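Scope of the values below: all heavy atoms of this structure, side chains included, with no hydrogens, waters or symmetry mates. Only a predicted model underlies this, so the values are computations on that prediction, with no experimental measurement involved.
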Amino acid sequence: MGLGIIHYDPIYSIYKVSSTFRSLPRATAPFRLRAFSTTVHDKPSICTADELHYVTVSNSDWKLALWRYFPSPQAPPRNHPLLLLSGVGTNAVGYDLSPRSSFARHMSGQGFETWILEVRGAGLSLQGSNAEDIEQSAHAISDKMEDVLESATNGSVSSKKELDNISGAVSEPYNSASEGVETENAAVIGDLARLATAWDESKLVATLTETFTHLSERVSGFLSESQSKVMSAKLLDQISKLLVDSPLYEQFNEVRGKLATLLETRQSSGITSQITDLSEKLVDIIEAGQLSVSPPLFDLQARFTATIEDFQKQLDLMVKYNWDFDHYLEEDVPAAIEYIMKQSKPKDGKLLAIGHSMGGILLYSMLSRFGSEGKESRLAAVVTLASSLDYTSSKSTLKLLVPLADPAQALSVPVVPLGAMLAAAYEVSSRSPYALTWLNTLISAEGMMDPDLYKRLVLNNFCTIPAKLLLQLTTAFRERGLCNRNGTFFYKEHLHKSNIPILAVAGDKDLICPPEAVEETVKLIPEHLVTYKLFGDPEGPHYAHYDLVGGRLAVDQVYPCIIEFLSCHDK
């Protein structure tokens, strides 16, 4: 990979990061979407594409990363660009692990101009207001990702310090997610000294007021009214535990009742004033418990401060990770498709698309939406890899997520730092006594991935997942399958209205999306439009969830099947 050169195009208002050994075409037509990229002389090292683009999402400060691979001059010319969509909590690295194992590079070698979208919260996608900030953040994310891989290569990553580094390795949101988990665990085990702060009555009153005000405002629209009640009750329960069996418990309950009533009322300046007054009373009660009650409640002020800080961090995580599946479907993917159309200019205004896992679910859902509305999609053909809209008939391990279908439970776990968790477990799962080797089989079947590539996949491909996203995805385990956030549109019920050719691919040993789950969706599609292919033989080799993309035999078995299908519909 050569050094990257940045070309600024004032017509498109973008920075294009490209390789020095290749002369690339310049776009010349006006374009109304804004996009940003890095402004240094080499693109982030984690990105091995020919170019790195950033696309702005309407009504959002997210900048979505698009990895671009130009078609080989020796390959047959193609009529449509190709968009790759990744699974839940994963990024572009899974499609481009190394020069010898790169699905994206293989497809560009077959003549397809290939793009990988990193949705919000994934990989190099980030939040920022200007090109300079985006450049710095992208390089920082890239450096952290490579630091994690280097740390795992050079030695154990199981020490406390190294695990902390892993927690912040993939993206800035990772860091805050892991901090939230860490402080919660610390509180549980009683490590309160670390969380305690000097007693500052005015500061604490302000923090309490802010917290309760956020709840009355339903945390910037994240929480529904019922969820807000759950959260406020949870906070007040935590405070009450500090005062149980003390003479102050009755006073606290009186304040608690008044606060609960206020939090059910719409936010106004008058309510804010009342919340401040009640917050002062709570602080006074805690101070009395610390100083004047006999016997005094030791460390009560520190424990109270820690409780509020922990709860505030949880609310902050909810606001920061405030997106779900429909945000990807309605905002991220359409923005990327429109951008690719302007860059690639296919004659018929369509593209080809491949989605792995959740990426395939997104494609199914798009076709369902277009079909229900009687509109033409911008897709010429679609390939789904290990994807389904309905998991009810399968034994998918994703059923472990079903408890998150309870909103109260989801609020207790505002994010799942999947990347940090897998990185932390990597040493345990890959070394004797192999206590967690079962994790490996969820990703790849035995012998299907080179150990070094598997290591990069685990350490660099996974991200933090909002509970809000998982909450919506769990509807795929209900009778009518995946639905929109409001529960008013069931995607599988309209899939038969689509007129787009689909290749649905499954792996025989996929524990996440078993073949029967894939078949459940395939049978909804008109027979003349769908092709179903199951990879894996009873005697081996076997294909687990990721092997369809990066398994050692995929290039000889899976890729040709996909290329043949896409070539047939690239007209």
Exercise. With side-chain hydrogen bond (donor to acceptor under 3.5 Å, both in side chains) as the test, would you mind laying out the steps for N461 and T90 before giving the verdict?
Key: CA-CA 5 Å; N461 186 52; T90 61; 4.6 Å; no

Quiz item: So L482 and S365, side-chain contact (heavy atoms from CB on, under 4.5 Å) or not? Walk me through it.
Solution: CA-CA 9 Å; L482 182 73; S365 301; 3.9 Å; yes

Exercise. Show your working on side-chain contact (heavy atoms from CB on, under 4.5 Å) between K533 and L548 and close with a plain yes or no.
Key: CA-CA 11 Å; K533 181 65 177 177; L548 298 171; over 6 Å; no

Quiz prompt | Audit row: S388, D390, side-chain hydrogen bond (donor to acceptor under 3.5 Å, both in side chains) steps and yes/no | solution = CA-CA 5 Å; S388 179; D390 186 349; over 6 Å; no

Quiz item: Can you list the steps and then say if Y69 with W115 is a side-chain hydrogen bond (donor to acceptor under 3.5 Å, both in side chains)?
Solution: CA-CA 6 Å; Y69 302 77; W115 300 75; over 6 Å; no

Quiz item: Could you walk me through whether E146 and S45 pass the side-chain hydrogen bond (donor to acceptor under 3.5 Å, both in side chains) check?
Solution: CA-CA 8 Å; E146 297 203 330; S45 56; 2.9 Å; yes

Quiz item: Please walk me through it: do L379 and F370 pass side-chain contact (heavy atoms from CB on, under 4.5 Å)?
Solution: CA-CA 10 Å; L379 301 170; F370 281 119; 5.6 Å; no

Practice problem: Begin from the C-alpha positions of E113 and R78 and carry the test salt bridge (Lys or Arg N to Asp or Glu O under 4.0 Å) through to its verdict. | Solution: CA-CA 8 Å; E113 181 186 339; R78 305 290 184 174; over 6 Å; no

Exercise. Could you walk me through whether I502 and T531 pass the side-chain contact (heavy atoms from CB on, under 4.5 Å) test, one step at a time?
Key: CA-CA 6 Å; I502 298 172; T531 302; over 6 Å; no

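Between I500 and L363 there is no side-chain heavy-atom pair separated by less than 4.5 Å. With a 4.5 Å cut-off on side-chain heavy atoms, L385 and I562 count as touching. Using a 4.5 Å cut-off on side-chain heavy atoms (C-beta onward), Y328 and L469 make contact. The side-chain heavy atoms of T384 and L503, taken from C-beta on, include no pair separated by under 4.5 Å.
Remark: side-chain polar atoms of D96 are not paired, donor with acceptor, to backbone N or O of V93 under 3.5 angstrom. Of the possible donor and acceptor atoms, one in the side chain of N79 sits under 3.5 Å from a partner among the backbone N and O of D570. Side-chain atoms of D326 never come within 3.5 Å of backbone atoms of L329 as a donor-acceptor pair (strictly under, hydrogens ignored). Between the side chain of S98 and the main chain of S101, a donor-acceptor pair closer than 3.5 Å is present. The backbone N or O of S444 sits nowhere less than 3.5 Å from a side-chain atom of Y454 that would complete a donor-acceptor pair. Judged by distance alone, the side chain of K345 and the main-chain N or O of K342 form a donor-acceptor pair under 3.5 Å. Between the side chain of Y54 and the backbone N or O of L124 there is at least one donor-acceptor pair closer than 3.5 Å. Judged by distance alone, the side chain of S60 and the main-chain N or O of V57 form no donor-acceptor pair under 3.5 Å. Side chain of S394 to main chain of P514: no donor-acceptor pair is present (N/O by atom type, distance under 3.5 Å, no hydrogens or angles). Checked by atom type and distance alone, the side chain of K492 never pairs as donor or acceptor with a backbone atom of F490 at under 3.5 Å.
Closest of all the heavy-atom pairs between S498 and P526 is O-CG, 4.5 Å. Minimum heavy-atom separation, L473 to F325: CD2-CD1, 3.8 Å. Residues S125 and L64 come closest through the heavy atom pair OG-CA, 3.3 Å. Between A65 and L52 the shortest heavy-atom distance is CB-CD1, 4.1 Å. Minimum interatomic distance between C463 and N91 (heavy atoms only, all atoms of both residues): SG-ND2, 4.0 Å. In plain terms, the two heavy atoms of S108 and F70 that are nearest each other are CB-O, 3.5 Å.
The CG atom of L362 sits 9.0 Å away from the CG atom of D332 when rounded to the nearest 0.5 Å. Note that the CG atom of L495 and the OG1 atom of T521 stand 7.0 Å from one another [nearest 0.5 Å]. Rounded to the nearest 0.5 Å, atoms CG (L351) and CZ (R378) are 8.0 Å apart. A distance of 4.0 Å separates CZ in F477 from OG in S396, rounded to the nearest 0.5 Å. Atom SG of C483 is separated from atom CG of L389 by 11.0 Å, given to the nearest 0.5 angstrom. The structure places CZ of F112 at 4.5 Å from OG of S567, a figure rounded to the nearest 0.5 Å.
The residues K43 and E51 are annotated as not salt-bridged, no charged nitrogen and carboxylate oxygen being separated by less than 4.0 angstrom. Salt bridge D50/R68: absent, no basic N to carboxylate O contact under 4.0 Å.
Under the 6.0 Å cut-off for aromatic ring centres, F489 and H494 qualify, their centroids lying closer than that. In this structure, H356 has its ring center closer than 6.0 angstrom to the ring center of H545. Between H53 and W67, the distance from one ring center to the other does not fall under 6.0 angstrom. The aromatic ring centres of Y364 and Y491 sit 6.0 Å or more apart.
A 6.0 Å sphere centred on CG of N486 holds more than 12 heavy atoms belonging to other residues, nucleotides or ligands. Within 6.0 Å of CD in E516 there are more than 12 heavy atoms belonging to other residues, nucleotides or ligands. Atom NZ of K497 sits in a crowded spot, with more than 12 heavy atoms from other residues, nucleotides or ligands closer than 6.0 Å.
Looking at R485, K468, R120 one by one, the single match for salt bridge (charged side-chain N to carboxylate O under 4.0 Å, His left out) with D324 turns out to be R485.
For the 3.5 Å distance criterion, the side chains of H327 and N322 fail to qualify, holding no donor opposite an acceptor.
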